[in-house]
Amino acid sequence: MSRTRDNIDDYRRLCIDCGECRDVCPSYRLGGCDPLAVMKGDNSRVFGCIGCGNCSRACPETDPKIVMLAAYSIMLDRPVSQAFLDTGLSRYVSEEAPGLGLEPIWEGDDVYVMPGCVAKCEVPYVVYAASSALKGMGVRASELPEFTCCMYPIQFGGMDDDEREGYIGRMGETAGNRPLVTLCGGCSEIMNRHGTECQHLIPFLHARMDLLPRISGTLKVSVEPGCAAIVYRDMMTEIVERLGCEPVGNEPGCCGKNVRDISTSLMRERQEAASEADVIVVGCPMCQAKYDAFPGGKPVMYLAELVAAAYGDRASLECHRIPVPDL
Ligand code: SF4
Ligand code: SF4
């Protein structure tokens with residue numbers, strides 16, 4: 001029995017039944033997960049959880065998202081995947097992945113970038129754009145050697161926390177005292193929680209805003225950090241403004257990931273929220289993949305692509321399904 005599974009009862013015991021988690025849960029609103037029921041031990045609707053973390057941000061007493069992820073993993077009861085055993089990543093690189101031919105431009109190893117499974121396997125042009133943006137800023141960066149999945153718990157029900165922490169810790173050891181930057185908020189959330197210090201790209205860029213160029217013209221931008229990076233919303237808005245864009249002031253939300261019966265409704269809400277924007281700028285590779293695959297959706301760019309484009313590199317934008325307007 002893993003340590004997380006033992007501990008979830010401790011998190012559950014702290015629940016005071018206030019219902020705040022339900023009130024803020026986008027999945028519950030759409031008939032999906034019932035966080036309060038899961039906190040009470042009924043896991044039957046946990047597959048509707050999109051992992052957005054709203055429940056934990058609202059909860060006055062405990063950390064329901066930890067319980068949701070652990071309960072999801074228990075219900076899924078899936079052995080560690082062959083893809084992970086073969087590659088260290090949660091999935092194989094898709095042969096059709098857009099941007100697979102774009103070779104990232106790594107210039108040195110002052111900073112390590114941990115791309116994460118979705119960026120590496122599904123939208124590799126995001127990794128290219130990150131390398132190009134950092135190169136433009138004069139940051140000597142390269143990909144973290146032999147990085148693995150961040151060990152987001154859902155798909156690792158067949159592995160206990162100590163084993164997961166071993167993989168995370170090895171990435172921290174490889175980085176040594178170099179800054180470690182993730183492209184996905186979920187990766188930085190999990191890795192920091194398990195003792196490996198790293199930073200999402202948004203705060204990394206925000207701390208170096210004076211290096212950023214300006215885009216000519218005015219692009220109206222919907223700022224969508226992604227749910228795991230939502231705490232960086234203000235930083236991301238300032239970065240976008242610094243680049244010369246005009247945020248449209250939308251309330252950000254979750255793309256819905258791949259949760260059946262929920263994701264399409266949530267994506268429609270996101271598209272509505274972005275209706276005044278020329279382009280949606282996201283801080284999450286999963287959001288990038290989801291928005292760019294939504295039929296009739298707004299053009300979308302991962303934040304590093306906006307920075308790379310400001311330096312004149314639009315190569316990653318050519319990989320999108322939904323054409324991005326000229327900058
Ligand atoms: S918000 Fe927290 S304390 Fe309140 S019902 Fe939900 S889990 Fe329990
Ligand atoms: S993580 Fe999000 S979807 Fe899951 S229970 Fe919490 S609020 Fe609901």
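In each ligand, atom 1 is the first atom listed, and ligand 1 is the first ligand listed.
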Under a 4.0 angstrom heavy-atom cut-off, which atoms of ligand 2 come close to [X]?
{"X": "Gly51", "answer": "1 (S), 4 (Fe)"}
{"X": "Met68", "answer": "5 (S)"}
{"X": "Cys52", "answer": "1 (S), 2 (Fe), 3 (S), 7 (S)"}
{"X": "Ile50", "answer": "3 (S), 4 (Fe)"}

Atom 6 (Fe) of ligand 2 reached by Cys55 (N, O or S, under 2.8 Å):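 Checking atom 6 (Fe) of ligand 2 against Cys55, an N, O or S atom does fall under 2.8 Å.
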Kindly confirm or rule out a cation-pi arrangement of Arg208 over Phe204, judged by NZ or CZ under 6.0 Å from the six-membered ring centre and within 45° of its axis?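 The answer is yes; both the distance and angle limits are met.
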Quick one: look up the protein heavy atom nearest [atom] and list residue, atom name and how far away it is.
{"atom": "atom 2 (Fe) of ligand 1", "result": "Cys59 SG, 2.3 Å"}
{"atom": "atom 8 (Fe) of ligand 1", "result": "Cys15 SG, 2.3 Å"}
{"atom": "atom 4 (Fe) of ligand 1", "result": "Cys18 SG, 2.3 Å"}

Proximal ligand 1 atoms for [X], defined as those under 4.0 Å from one of its heavy atoms:
{"X": "Leu36", "answer": "5 (S)"}
{"X": "Cys21", "answer": "1 (S), 5 (S), 6 (Fe), 7 (S)"}
{"X": "Met39", "answer": "7 (S)"}
{"X": "Asp17", "answer": "5 (S), 8 (Fe)"}
{"X": "Ile16", "answer": "3 (S), 8 (Fe)"}
{"X": "Glu20", "answer": "1 (S)"}

Could you tell me whether any N, O or S atom belonging to Cys25 is less than 2.8 Å from atom 8 (Fe) of ligand 2?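 Yes - counting backbone and side chain alike, Cys25 has an N, O or S atom under 2.8 Å.
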Got a second to check how far Asp63's CG is from Met68's CE, nearest 0.5 Å?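 Answer rounded to 0.5 Å: 9.5 Å.
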Roughly how far apart are Ser90 OG and Ile154 CD1, rounded to 0.5 Å?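 Here the rounded value is 11.0 Å.
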Residue portion contacting ligand 1 (non-hydrogen atoms closer than 4.0 Å) for Leu14: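 Leu14 to ligand 1: no contact under 4.0 Å from either part.
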Check this for me: [X], atom [atom1], are more than 12 non-hydrogen atoms of other residues, nucleotides or ligands nearer than 6.0 Å?
{"X": "Glu197", "atom1": "CD", "value": "no"}
{"X": "Arg178", "atom1": "CZ", "value": "yes"}
{"X": "Glu318", "atom1": "CD", "value": "yes"}
{"X": "Lys65", "atom1": "NZ", "value": "yes"}

Side chain to side chain donor-acceptor pair (under 3.5 Å) for His320 and Glu305? Distances and angles first, verdict last. CA-CA 11 Å; His320 290 207; Glu305 296 189 276; 2.8 Å; yes
Any Pro64 heavy atom less than 4.0 Å from ligand 2: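 No heavy atom of Pro64 comes that close to ligand 2.
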Strictly below 4.0 Å, N to O, side chains only: are Arg270 and Glu251 in salt-bridge contact?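 The answer is no: the pair does not qualify as a salt bridge.
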For the backbone of Ala277 and the side chain of Lys298, can you confirm whether one donor and one acceptor N or O come within less than 3.5 Å of each other?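 Looks like yes, one N/O pair under 3.5 Å.
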Decide whether the shortest distance between a heavy atom of Gly19 and an atom of ligand 1 is less than 4.0 Å.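 Distance cut 4.0 Å: Gly19 passes for ligand 1.
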Check the orientation of Tyr72 and Phe47. Use parallel for under 30°, tilted for 30 to 60°, and perpendicular for over 60°.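 The arrangement is perpendicular - the two ring planes meet at more than 60°.
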